[in-house]
Amino acid sequence: MKITPVKGTNDYLPNEVEIRDYLQNEILKVYVANGFEHITTPIIEDIENLDKSDGGENLNLIFKIMKRGDKLEKAVSSLKENPKTGTACENEIADMGLRYDLTLPLSRYFANNKDKLTLPMKCIQMDRVYRAERPQKGRLREFVQCDIDIIGSDSTDSEVELILTTTKALKAIGMKNFKVKINDRRLLRSFLQNCGFTEEQLDSVCITFDKMDKVGLDGVKAELTDKGFDAAAIEKFIGFFGSVSSAQEISLESVEAILDDKAPAESVRGIINTVNELSDGQFDVVFDLSLVRGQGYYTGTVFEVESIDFKGAIAGGGRYDNLIGKFLGQQVSAVGFSIGFERIFSILMQNGVETKASADKIAVMYDEGQVKEAYAIAEKYRAEGKVCSLYVKPKKMGKFLGKLEERGYKGFVNVSNGDEISLF
């Protein structure tokens, strides 16, 4: 039997669990302090709910659960008589699946419990989700999301509240140098239609446009051309950007000027101005025309937090006013923001970001090759009379302990799995 976990999943050692628990608790404390309430939902959902959730490319990453017993036998027999392939075959033998995010389960939860809930509902979900990704760095099949959502309010005050609460949580766990990017799906779709793309083409165009930061404007043009879109529409689209190297250089005013409906632009401007005023310049808030977000259920504002130090998104979300309506048959306003916990945990483990576990115990995380930096932090806190837990992975633990003795440490205890040392 295999002793390693399934690809795309991880075992976590005691010191790693301590850090993960600490980070999640700090995030939760910020959420609760800002008036959000914790709920939980099952990891298993009806396959029909998942398939009809407008989850974009995530619909291709659902872990499906086969029917059991007689139902499975009947499904297999039916397929033998009427063979099917691909998704059609899978849906014949599957009746449930693992959730790929926390938004679809929340929408079902609200529809099922709406008579017991007070609007607007401000809720927290912090739990595991599953996607059948091809395992690689930064992409796991099982991972934790930390979500807050507001249901029952169509005011942009909800977006402002989610942004401010999420950024507070990020700062509470040591993520300080970041910017918030904002766009609106309505504005983006109107812009693309103004360029000449049809309604049916917009989702495909958005998928390509979302890659601009990675492939550049030339790469976007090449992919749109390969997809066979109208050359005139592509040229008008590309021409709008002129000589800029990033979509963030495109001003909200320049996009607004070519659109008939000004409401989405006014909404984005109001959110940006309000967040800037209330955050007192602690982080930048910028308009980004190329921000799409992958889920198809977003209907309006979309936002993302990008780490400047570590390059990449660490949180994201948006407004999904139609998803709950799939269950209730009537529109219910909803907007949410999710912190990408696994990326943040990886960043902290790899880059030596400090987190304070308590008033007198400091947790400092370092990877291989950063022992010198670990020493410096330990010395700093020892001078303050505090205990410092270093999470490091030196190649030779014995040699590392010897160096600690040379530096005057009289004792070190709590050696756990070879990589945690409490210093005095």
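Here the structure is a predicted model, which means the values were calculated and not measured. For the single chain, residues carry numbers from 1 onward in sequence order.
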Strictly below 4.0 Å, N to O, side chains only: are Glu133 and Arg141 in salt-bridge contact?
no
Which pair of non-hydrogen atoms, one from Pro5 and one from Asp11, has the smallest distance, and what is that distance?
CD-OD2, 3.7 Å
Within 45° cone and under 6.0 Å: Arg128 NZ/CZ vs Phe143 ring:
no
For a quick test of reading the model, state the closest non-hydrogen atom pair linking Ala94 to Lys64 and the distance between them.
CB-CB, 3.9 Å
Do you know the tightest heavy-atom contact between Ser107 and Tyr320?
OG-CE1, 3.9 Å
Checking Ser158 against Ser153: is there a side-chain donor and acceptor pair closer than 3.5 Å?
yes
Could you go step by step and tell me if Phe209 and Phe237 meet the ring-ring contact (aromatic ring centres under 6.0 Å, His included) rule?
CA-CA 10 Å; Phe209 190 21; Phe237 170 77; 5.1 Å; yes
Backbone N/O of Leu187 and side chain of Arg189: donor-acceptor pair under 3.5 Å
no
Identify the two heavy atoms, one from Asn322 and one from Thr299, that lie closest to each other, and give their separation to 0.1 Å.
ND2-CG2, 3.4 Å
Using side-chain heavy atoms (C-beta onward) and a distance below 4.5 Å, is Leu102 in contact with Ser338?
no
Between the CD atom in Glu161 and the CZ atom in Phe337, the distance rounded to the nearest 0.5 Å is 13.0 Å
Is it the case that atom NZ in Lys262 sees more than 12 heavy atoms from other parts of the structure closer than 6.0 Å?
yes
Flag side-chain contact, heavy atom, 4.5 Å: Asn58 against Leu61
yes
Does some side-chain heavy atom of Leu252 sit less than 4.5 Å from a side-chain heavy atom of Val268?
yes
Which residues share a ring-ring contact (aromatic ring centres under 6.0 Å, His included) with Phe197, sequence neighbours left out
Phe229
Student check: side-chain heavy atoms of Ile238 and Asp218 closer than 4.5 Å:
no
Rounded to the nearest 0.5 Å, what separates atom OG1 in Thr103 from atom OH in Tyr297?
3.5 Å
Do the side chains of Ile124 and Leu28 get nearer than 4.5 Å, heavy atoms only?
yes
I need the minimum non-hydrogen distance between Ser254 and Ile250, along with the two atoms involved.
OG-CG2, 3.5 Å
Is it the case that more than 12 heavy atoms not belonging to Glu37 sit under 6.0 Å from its CD atom?
no
So CD of Gln24 and SG of Cys146: to nearest 0.5 Å the spacing works out to 5.5 Å
Using ring-ring contact (aromatic ring centres under 6.0 Å, His included) as the criterion, list what pairs up with Tyr31, not counting sequence neighbours.
none
Looking at Asp226, I want to see if its CG is surrounded by more than 12 non-hydrogen atoms of other residues, nucleotides or ligands under 6.0 Å.
yes
Which is it for Glu304 and Val180 under the side chain to side chain contact (heavy atoms under 4.5 Å, CB included) test, yes or no, and what are the steps along the way?
CA-CA 6 Å; Glu304 194 169 87; Val180 178; over 6 Å; no
Regarding Arg20 and the six-membered ring of Phe345, is the cationic atom NZ or CZ under 6.0 Å from the ring centre and inside 45° of its axis?
yes
Rounded to the nearest 0.5 angstrom, the CD1-OH distance for Ile62 and Tyr130 is 15.0 Å
Spatial distance of atom CZ (Arg186) from atom OH (Tyr298) [nearest 0.5 Å]:
15.5 Å
Only one of Ile173, Ile148, Val32, Ile344 clears side-chain contact (heavy atoms from CB on, under 4.5 Å) with Ile27; which?
Ile173
To check you understand the geometry: which heavy-atom pair defines the closest contact between Ala172 and Glu26, and what is its length?
O-OE1, 4.3 Å
For Glu253, look at atom CD and say whether over 12 heavy atoms of other residues, nucleotides or ligands are found less than 6.0 Å away.
yes
Please tell me if the side chains of Ile151 and Ile324 come closer than 4.5 Å, counting only heavy atoms from C-beta onward.
yes
Determine whether the aromatic ring centres of residues Phe191 and Phe240 are separated by less than 6.0 angstrom.
yes
Gap between atom CG of Asn10 and atom OG1 of Thr4 - 0.5 Å precision
11.0 Å
Mind checking ring-ring contact (aromatic ring centres under 6.0 Å, His included) for Tyr100 and listing every partner two or more places apart, or none if nothing turns up?
none
Salt bridge Lys67-Glu73, side-chain N to carboxylate O under 4.0 Å:
no
Assess the side chains of Glu159 and Thr301: does a donor N or O sit below 3.5 Å from an acceptor N or O?
yes
Do Glu92 and Ser78 pass the side chain to side chain donor-acceptor pair (under 3.5 Å) test, and can you show the C-alpha distance, the side-chain angles, and the key distance before you say yes or no?
CA-CA 9 Å; Glu92 286 289 335; Ser78 176; 4.6 Å; no
Residue pair Gln193 / Glu199, side-chain donor-acceptor N/O under 3.5 Å:
yes
Is it the case that the side chain of Asp321 and the backbone of Ala334 share a donor-acceptor pair, with hydrogens and angles ignored and the cut-off at 3.5 Å?
yes
Answer yes or no: does atom CZ of Arg134 have more than 12 heavy-atom neighbours from other residues, nucleotides or ligands under 6.0 Å?
no
Minimum side-chain heavy-atom gap Ile39-Leu106 below 4.5 Å:
yes
Kindly check if the number of other-residue, nucleotide or ligand heavy atoms within 6.0 Å of NZ (Lys171) is above 12?
yes
Side chain to side chain donor-acceptor pair (under 3.5 Å) for Glu142 and Thr9? Distances and angles first, verdict last.
CA-CA 5 Å; Glu142 179 188 63; Thr9 67; 5.4 Å; no
Would you call Gln282 and Lys176 a side-chain contact if the rule is heavy atoms closer than 4.5 Å?
no
Strictly by modelled atom types, are Gln125 and Thr41 linked by a side-chain donor-acceptor pair under 3.5 Å?
yes
Looking at Lys74, I'd like to know if its NZ atom is crowded, meaning that more than 12 non-hydrogen atoms belonging to other residues, nucleotides or ligands lie closer than 6.0 Å.
no
Inspect the contact between Lys311 and Glu306 and indicate whether a charged nitrogen and a carboxylate oxygen are less than 4.0 angstrom apart.
no
Checking side-chain polar atoms at under 3.5 Å, does Gln201 have a donor or acceptor matched by the opposite partner on Lys227?
no
Strictly by salt bridge (Lys or Arg N to Asp or Glu O under 4.0 Å), give each pair with a member in residues 144-154 just once, sequence neighbours left out.
none
Any salt bridge between Arg99 and Asp127, counting N to O under 4.0 Å?
yes
Asp288 and Asn183 side chains, donor-acceptor separation under 3.5 Å
no
Under-4.0 Å salt bridge between Arg319 and Asp184
no
The criterion is ring-ring contact (aromatic ring centres under 6.0 Å, His included); which residues satisfy it with Phe178, sequence neighbours excluded?
Phe283
When Asn60, Leu98, Asp101, Leu140 are each screened for side-chain contact (heavy atoms from CB on, under 4.5 Å) with Arg131, the one that passes is Asp101
Qualifying salt bridge (Lys or Arg N to Asp or Glu O under 4.0 Å) pairs, either residue in residues 108-118, two or more places apart
Glu45-Arg108
